[in-house]
Amino acid sequence: MLEIKNLHARADNKDILRGIDLKVNAGEVHAIMGPNGSGKSTLAQVLAGRDVYKVTAGEITYQGRNLFELSPEERAHQGIFMAFQYPVEIPGVSNVYFLRAALNSIRRARGLAELDAMDFMAVAREKAKAFGLDESLLTRSVNQGFSGGEKKRNEVFQMAVLEPTLAILDETDSGLDIDALKIVADGVNALRSPDRAIILVTHYQRLLNYIIPDYVHILINGKIVKVGKKDLALELEQRGYAWVGEAVASA
Amino acid sequence: MSTQTSNLEGLINQEYKYGFVTDIEADTVPPGLNEDVVRLISAKKEEPAWLLEWRLKALHYWQKMKEPTWANVHYQKIDYQAISYYSAPKQKKDGPKSLDEVEPELLRTYEKLGIPLHEQEKLAGVAVDAIFDSVSVATTFRKKLEEIGVIFCPFSEAVKEYPELVRRWLGTVVPYTDNFFATLNSAVFSDGSFCYIPKGVRCPMELSTYFRINAENTGQFERTLIIAEEGSYVSYLEGCTAPMRDTNQLHAAVVELVTLDNAQIRYATVQNWYPGDKEGKGGIYNFVTKRGKCLGKYSKISWTQVETGSAITWKYPGCILLGDNSIGEFYSVALANNYQQADTGTKMIHIGKNTRSTIISKGISAGHGQNTYRGKVAILKSAEGARNFSQCDSLLIGDKCGAHTFPYLEVKNSTAQVEHEASTSKIGEDQLFYCQQRGLSTDDAISMIINGFCKEVFRELPMEFAVEAQKLLGVSLEGSVG
Ligand SMILES: Nc1ncnc2c1ncn2[C@@H]1O[C@H](COP(=O)(O)OP(=O)(O)OP(=O)(O)O)[C@@H](O)[C@H]1O
Ligand SMILES: [Mg+2]
């Protein structure tokens, strides 16, 4: 589904990604772990098309197409969704109004009929309930005044409504209480299917107890230095990133 | 990548939809301003002597005045002798008695503007007075309103048919000595709307005036007067457009509102005069004086304005809160895109006891636009228990535009409560990207963010017009982010 080859990206004259290779097949869940500042969010945002990051080398194909030819909204129309590490506030725009506009522009791009307010509300209510999102948050302004955990739940709620083909979750588990973590994990697991793929950026192996990844990648200093199965996350938790660094240095 | 989301100063390429010119023969007075011109205008309108005298007093006063320079706007000196002060489309008769007599070309013009005047297609629930350059060409639903005592007609007809009412109220809110532009208007005003809502009547439809400037090198100087008698209510809306021309045109209107005990006037403006092109060439100079007087106790006047057009906007709709417990409100969205300059705000003068005022101002600047909020809140000694709340928010799109806030506060009574909040924010690249990541186009994202920003003002507009205003802002900002 997604193939990244030798990806280099920079921002503000600073090289951040320095040769990423990653292949994600439909049906798979990939976890990406790595120390602060290693480039995880940058990778996620390059996939979503944020142009503050300049791609200086490499290529990305998504469903057989050159991803760089698509604008951010076209990528969304093609099923790419990113849950933001820091969800953005939009004052005065209600959460459901925003999400319906998003869903309908995606549906339009795919040649599907738009959902009217009534039909949409039915879907939104059901998903909000499933993800423990307080109904009052539906009509409040997008993310404005939401608590940290509420913002993260809202991202997962949006994901559930938009039903992406490739979901990239950037530290969606950070700041969640234990119950919320389980709910979010359930949401992600519900999305898992043979024709979808998920990339999870996380610092904690705890999330991986609930969402069992097919692969775990360790990203240090803009490069994927180690790939393993779910046990790698456990080992990492016990031994820290220094161990990976040494392992790479001695290899 | 096919779009550059972070380039917030990208080219601005809005289209002005109303820029066409109507080809119609007009009766236009040669440029220049002097006593003869004033006499001529008054004669054309067959005015009584007292009105001509009033005009002449204004002219003489104006000739000694200096154009104000305190506003935060810059423009080439206006040559007041190069402007024509009267232009009217030639009509077969002295003035159409019914729509059948209105020139078809004029009816087509209003149709193109989305204001059908034909009996069959009239806007439901909205009575319209259509003003073309210096004259009113049609007023719909007049008869129907007359049945309940509501007068809604062109100003010039009111002078003939209801001289006592006009004479009693004209200039009582904005005297002819008020300010440079209002004084000029008093000397040469052409047409406008007159509304009178009798005691206890709740006007059953929206009253609306649609102003259209067509002729070249002509100024438009309309005058509107609305009187709401005891316990009455009226909601009024004005809209304005002009052709695209590369010379500037002057529009200096005066609006006076009066409310008696327990009466209420809601006055909404959707101002979309031609703003000039992307380089700042052409466009309307909009120098307007609007003021309401809450004469009666418990009366209320609210101004709601959506100002998207004009090269320069200079207007401060205000309220004089004379009656005890009277209320003044001001809700404003002002947009300055490309090279537009807006200096707008309000004046709330608290005189009566327990008077209250609310000011919500939303300024949006894009391109090289400069947006200034200028507001005055004065609480006089007599205004025991007066309260004011002001909130001024500015939104910047790109980094070549500017936002400025000048609140003036004058409190002479210690029991008064005054609150002021202000904020300036930028449409963030992060907000745009968030919307785009969810599938929204750049333009949709911007209009959504802007509409969110303006929400508190839009909800004060009559429903249908709120939708219009949202669309208008969307169009005016289209492509303002590259
Ligand atoms: N727009 C930018 N301009 C300049 N530097 C940036 C920009 N975005 C990211 N960086 C830098 O690139 C590096 C990688 O940042 P990134 O956000 O991708 O890290 P991360 O792995 O997600 O970290 P964390 O675990 O803390 O979220 C950091 O040093 C960061 O300061
Ligand atoms: Mg990060």
Side-chain angles (χ1 to χ4, degrees), chain A residues 11 44-55 66-95 97-110 141-144 151 155 158-159 161-162 164 168 170, chain B residues 1-10 331 333 360-364 391 393-397 421 423-460 466-467 469-470 473-474 481-482:
Chain A
Q45 306 211 38
V46 168
L47 287 171
R50 186 162 204 163
D51 68 358
V52 277
Y53 299 104
K54 299 281 173 274
V55 174
N66 176 0
L67 192 65
F68 297 143
E69 284 173 357
L70 302 178
S71 66
E73 61 266 34
E74 285 165 339
R75 295 179 198 200
H77 301 161
Q78 302 292 324
I80 294 182
F81 176 93
M82 180 179 87
F84 285 59
Q85 183 176 0
Y86 305 107
V88 178
E89 301 186 355
I90 310 177
V93 177
S94 90
N95 212 11
Y97 180 81
F98 172 75
L99 189 54
R100 184 160 79 94
L103 179 64
N104 280 337
S105 66
I106 292 173
R107 289 180 68 93
R108 252 194 328 270
R110 294 179 184 167
S141 294
V142 179
N143 291 321
Q144 201 182 26
K151 285 184 183 170
E155 293 292 287
Q158 292 183 10
M159 177 182 82
V161 172
L162 298 178
I168 305 155
D170 191 358
Chain B
M1 273 171 226
S2 59
T3 54
Q4 288 290 311
T5 51
S6 65
N7 181 6
L8 282 171
E9 316 104 61
Y331 300 96
V333 168
I360 309 277
S361 160
K362 304 278 180 176
I364 303 161
Q391 181 187 329
D393 299 322
S394 307
L395 186 67
L396 303 174
I397 305 176
E421 287 174 11
S423 77
T424 299
S425 52
K426 239 179 139 157
I427 283 202
E429 185 269 333
D430 55 341
Q431 281 178 327
L432 277 178
F433 181 67
Y434 189 75
C435 295
Q436 290 169 313
Q437 205 304 304
R438 296 299 184 253
L440 299 169
S441 69
T442 314
D443 283 344
D444 286 351
I446 290 177
S447 82
M448 188 178 276
I449 295 167
I450 299 274
N451 284 321
F453 176 73
C454 302
K455 197 179 200 168
E456 291 146 289
V457 175
F458 286 162
R459 71 168 174 232
E460 297 297 324
V467 175
Q470 289 190 19
L473 269 187
V481 174

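Heavy atoms only: backbone and side chains are in, while hydrogens, waters and symmetry mates are out. The chains referred to below are lettered A, B, ... by the order of the sequence lines, with proteins before strands, and numbering in each begins at 1.
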Rounded at 0.5 Å granularity, tell me how far [atom1] in [X] sits from [atom2] in [Y].
X      : Y       : atom1 : atom2 : value
Y86(A) : D430(B) : OH    : CG    : 13.0 Å
E73(A) : Q437(B) : CD    : CD    : 10.5 Å
H77(A) : R438(B) : NE2   : CZ    : 12.5 Å

Are any non-hydrogen side-chain atoms of L440(B) and F98(A) less than 4.5 angstrom apart?
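Side chain of L440(B) against side chain of F98(A), heavy atoms only: contact under 4.5 Å found.
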
Heavy-atom pair of closest approach, residues [X] and [Y]:
X       : Y       : answer
S105(A) : G439(B) : OG-O, 2.8 Å
A76(A)  : Q436(B) : CB-O, 4.0 Å
I90(A)  : Q431(B) : CA-NE2, 4.1 Å

Quick check on L162(A) against chain B: is it the side chain, the backbone, both or neither that has a heavy atom closer than 4.5 Å?
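Just the side chain, heavy atoms under 4.5 Å.
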
Which atoms of I80(A) come close to chain B, meaning under 4.5 Å heavy atom to heavy atom: side chain ones, backbone ones, both, or neither?
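Looking at I80(A), backbone and side chain both touch chain B.
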
Partners of F81(A) by ring pair (Phe, Tyr, Trp, His ring centres under 6.0 Å), sequence neighbours excluded?
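Expected list: none.
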
I need the full list of salt bridge (charged side-chain N to carboxylate O under 4.0 Å, His left out) pairs touching residues 85-94 of chain A, with sequence neighbours left out, sorted by first then second residue.
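Those involving residues 85-94 of chain A are E89(A)-K151(A).
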
Using a distance-only test with no angle check, is there a side-chain donor-acceptor pair under 3.5 angstrom linking Y434(B) and N143(A)?
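A pair is found: one side chain offers a donor N or O, the other an acceptor, under 3.5 Å apart.
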
